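Notes to accompany the following structure.
Quick note: residue numbers are just sequence positions, from 1. The structure displayed is predicted, hence computed values, not measured ones.
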Amino acid sequence: MQDIESFRERLKSLITKFEKDRNHYLSKGYPEAQVRIDFINPFFKALGWDIENKAQKPPHERDVIVELSPETTGRPDYNFRINGATKFFIEAKAPSVALDDINNILQAKSYAWSTKEVYFVILTDFEEFKLFDASLKPNPRFPDEGLIFALKYTDYIDKIEKLWELSRERVEQGSLESLLPKDTKSKRLRIPPDKSFLEDLTIWRTELAKDIHKRNPPVQ
């Protein structure tokens, strides 16, 4: 079992490694697949997650499902689970890719929101780390809606308590649920995908009817 102090030491090593060859890691020649191996996998292993399934659990019980070719499957890069139930997803990017890009944020959030059951998604390239409440419908006008926290790698040690809430131990204890905003606005925005689809369908029908009426005015 990991503890926050052992996580701190392993995280310091990763930060030092990244800082030492930062220009290389930020170059376009450094691919997403490599950042997953060099930084993201060790990061979450230090948080107590069995990325490689060393416990030899059966497929339906393993801690983490890793998509080797997510760009062809339409699924997130990582699926983190407790007793077979998904708790959060991770969408990984190469450090040369801008995490603030709207398309990257909406892509990550849509994975979780469309499931109805998964409320959290992380978007990270190790250089940056963003945790979203993805139970809110992804909105292109407000891509950062539902952002719980965002950190640069230089902030990781100072904010380590926030990151520790994503450890396997803390997630199993219910840490994620406590991160969901309790304000009325957030609750109102937390619309299930099926209900949201029906609302969108109503809007589309109304707009279509208005357009038809506009193009076909009544004969006087």
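- Panel note: side chain Asp21, backbone His24; no donor-acceptor pair is recorded below 3.5 Å.
- The structure places CD1 of Ile51 at 8.5 Å from CG of Asp63, a figure rounded to the nearest 0.5 Å.
- Between Asn103 and Asp101 the shortest heavy-atom distance is N-OD1, 2.8 Å.
- The side-chain heavy atoms of Phe7 and Leu163, taken from C-beta on, include a pair separated by under 4.5 Å.
- In the hydrophobic cluster analysis, where Ile, Leu, Val, Met, Phe, Trp and Tyr join through side-chain heavy atoms closer than 4.5 angstrom, Val121 is grouped apart from Val97.
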Candidate pair Glu127 and Phe18, rule side-chain contact (heavy atoms from CB on, under 4.5 Å), full reasoning: CA-CA 8 Å; Glu127 186 194 22; Phe18 189 87; 3.8 Å; yes
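- Ile105 has its side chain within reach of Asp144: a pair of non-hydrogen atoms, C-beta onward, lies under 4.5 Å apart.
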Derivation and outcome, ring pair (Phe, Tyr, Trp, His ring centres under 6.0 Å), residues Trp49 and Phe88: CA-CA 12 Å; Trp49 294 97; Phe88 63 93; 5.7 Å; yes
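- For the residue pair Ser178 and Ser175, the shortest heavy atom distance occurs at OG-O, 2.6 Å.
- Comment: Arg168 does not engage Asp50 in a salt bridge, judged by the lack of any side-chain N to carboxylate O separation of less than 4.0 angstrom.
- A 4.5 Å side-chain heavy-atom check between Asp100 and Lys130 finds at least one atom pair inside the cut-off.
- Lys45 and Glu52 are joined by a salt bridge, as a carboxylate oxygen and a charged side-chain nitrogen come within less than 4.0 angstrom of each other.
- Contact check for Ile40 versus Val35: side-chain heavy atoms found under the 4.5 Å cut-off.
- Leu123 and Leu106 fall into different hydrophobic clusters, defined by Ile, Leu, Val, Met, Phe, Trp and Tyr side-chain heavy atoms under 4.5 Å apart, directly or through other members.
- For the 3.5 Å distance criterion, the side chains of Tyr30 and Asp38 qualify, holding a donor opposite an acceptor.
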Verdict with supporting geometry, Thr124 and Ile90, side-chain contact (heavy atoms from CB on, under 4.5 Å): CA-CA 7 Å; Thr124 186; Ile90 292 180; 4.0 Å; yes
Side chain to side chain donor-acceptor pair (under 3.5 Å) between Asn79 and Tyr111, intermediate numbers included: CA-CA 10 Å; Asn79 178 336; Tyr111 288 137; over 6 Å; no
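- Trp164 and Tyr156 have their aromatic ring centers separated by at least 6.0 angstrom.
- A donor-acceptor contact under 3.5 angstrom links the side chains of Tyr153 and Arg22, judged on distance only.
- A distance-only check finds a donor-acceptor pair linking the side chain of Arg81 to the backbone of Arg62 [under 3.5 Å].
- Between the side chain of Ser135 and the main chain of Tyr119, no donor-acceptor pair closer than 3.5 Å is present.
- Between atom CD1 of residue Ile122 and atom CG of residue Leu131 there is a gap of 5.5 Å, rounded to the nearest 0.5 Å.
- Electrostatic pairing of Glu32 and Lys93 does not count as a salt bridge here, judged by no charged N lying under 4.0 Å from a carboxylate O.
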Stepwise side-chain contact (heavy atoms from CB on, under 4.5 Å) test for Leu136 and Asp133: CA-CA 7 Å; Leu136 306 180; Asp133 167 7; 3.9 Å; yes
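- Counting heavy atoms of neighbouring residues, nucleotides and ligands inside a 6.0 Å radius, atom NZ of Lys17 exceeds 12 of them.
- Connection of Phe149 to Ile15 is established within a shared hydrophobic cluster, with ILVMFWY side chains joined at heavy-atom distances below 4.5 Å, either directly or through further cluster members.
- Here the CZ atom belonging to Phe142 is positioned 15.0 Å from the CG atom belonging to Leu147, to the nearest 0.5 angstrom.
- Ile65 and Leu166 are not part of a single hydrophobic cluster, where members link through side-chain heavy atoms under 4.5 Å apart.
- Residues Pro143 and Phe132 come closest through the heavy atom pair O-CE2, 4.1 Å.
- In terms of heavy-atom proximity, Glu177 sits nearest to Gly174 at OE1-O, 3.2 Å.
- The ring of Phe39 has its center closer than 6.0 angstrom to the ring center of Phe126.
- Atom CD1 of Ile82 and atom NZ of Lys87 lie 7.0 Å apart (nearest 0.5 Å).
- Aromatic ring centroids of Phe43 and Phe129 lie under 6.0 Å apart.
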Residue pair Lys137, Trp113: steps toward the side-chain contact (heavy atoms from CB on, under 4.5 Å) verdict: CA-CA 6 Å; Lys137 181 181 178 181; Trp113 185 78; 3.7 Å; yes
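- The heavy-atom pair separating Leu99 from Asn104 by the smallest distance is O-CB, 4.4 Å.
- Inter-residue side-chain proximity for Arg170 and Leu176 is flagged as unmet; no heavy-atom pair is nearer than 4.5 Å.
- Not a single donor-acceptor pair under 3.5 Å links the side chain of Asp77 to the backbone N or O of Glu67.
- Interatomic distance, OG1 of Thr154 versus NZ of Lys159, reported as 11.5 Å (0.5 Å rounding).
- The minimum heavy-atom distance between Lys12 and Ile157, with the atom names listed, is CG-CD1, 3.7 Å.
- The residue from Phe120, Phe89, Phe44 that alone fulfils the ring pair (Phe, Tyr, Trp, His ring centres under 6.0 Å) condition with Phe80 is Phe44.
- Residue Lys162 holds its NZ atom at 8.0 Å from CG of Leu179, rounded to the nearest 0.5 Å.
- Atom NZ of Lys57 has more than 12 neighbouring heavy atoms from other residues, nucleotides or ligands inside a 6.0 Å radius.
- Side-chain contact between Leu26 and Ser96 is absent, with no heavy-atom pair separated by less than 4.5 Å.
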